[in-house]
Amino acid sequence: QVQLVESGGGLVQAGGSLRLSCAASVYTFSTYVMGWFRQAPGKEREFVAAISRGGVSTYYADSVKGRFTISRDNGKSTVNLQMNSLKPEDTAVYYCAAAVTSQSPRSAGRYDYWGQGTQVTVSS
């Protein structure tokens, strides 16, 4: 069982930055592909970013490419999402997720474990 705990959400003005962190309670953290997803009110959960087991490969949604950066520290069992140039449309609950498989990292259905989510609100 993998437990994921997100932190770092909050309220920020448009153009500002936030850094989300996700701490995993598992010894084999480096064997999981890690991803971030988000869900805005009335909308489906959508892919934001993912990172391979070793951190070499990263994947981003077109809507955040160039503004968000995903990274991981396997020694600390953490994955981070640096969010810059935030827009009001980035407002959502952000979820950290872990996947055993490396296939289709953009697909929520591939992820086995999910955190409880952290709210990000961007004001205009």
Using the test side chain to side chain contact (heavy atoms under 4.5 Å, CB included), find all partners of [X] that sit at least two apart in sequence or belong to another chain.
X	answer
Ser7	Ser21
Ser30	Asn74
Ala50	Phe47, Tyr59, Pro105, Tyr111

Does any non-hydrogen side-chain atom of [Y] lie less than 4.5 Å from one of [X]?
X	Y	value
Leu86	Phe68	yes
Asn80	Gln82	no
Val79	Trp36	yes
Val48	Tyr60	no
Met34	Leu4	yes

Determine, using the 4.5 Å side-chain heavy-atom cutoff (strictly less than), whether [X] and [Y] are members of one ILVMFWY cluster.
X	Y	value
Ile51	Phe29	yes
Ile70	Tyr95	no
Tyr32	Tyr94	yes
Val64	Val12	yes
Val100	Val2	yes

By the salt bridge (charged side-chain N to carboxylate O under 4.0 Å, His left out) test, which pairs, at least two apart or in different chains, include something from [range]?
range	value
residues 13-29	none
residues 65-76	Asp62-Lys65, Arg67-Asp90
residues 104-118	none
residues 41-50	Arg38-Glu46

Checklist entry - What pairs with Glu89 under salt bridge (charged side-chain N to carboxylate O under 4.0 Å, His left out), at least two apart in sequence or on another chain? => result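 Here no residue qualifies.
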Checklist entry - Excluding sequence neighbours, so at least two apart, what forms salt bridge (charged side-chain N to carboxylate O under 4.0 Å, His left out) with Arg53? => result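 For Arg53, no residue satisfies salt bridge (charged side-chain N to carboxylate O under 4.0 Å, His left out) once neighbours in sequence are set aside.
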Checklist entry - Got a sec, which residues hit side-chain hydrogen bond (donor to acceptor under 3.5 Å, both in side chains) with Ser17, two or more places apart in sequence or on another chain? => result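 side-chain hydrogen bond (donor to acceptor under 3.5 Å, both in side chains) list for Ser17, sorted by chain: Asn84.
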Side-chain donor-acceptor pairs under 3.5 Å in residues 113-124, sequence neighbours left out?
residue	atom	partner	partner atom	Å
Gln116	NE2	Glu6	OE1	3.3
Thr118	OG1	Gly9	N	3.3
Gln119	NE2	Ala92	O	3.4
Gln119	NE2	Thr121	OG1	3.3

Checklist entry - Does any pair with a residue in residues 49-124 pass disulfide (SG to SG under 2.5 Å), and if so which ones, sequence neighbours excluded? => result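 Sorted pair list: Cys22-Cys96.
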Checklist entry - Leu81 and Ala49: which non-hydrogen atoms are nearest, and at how many Å? => result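 Residues Leu81 and Ala49, closest heavy atoms: CD1-CB, 4.1 Å.
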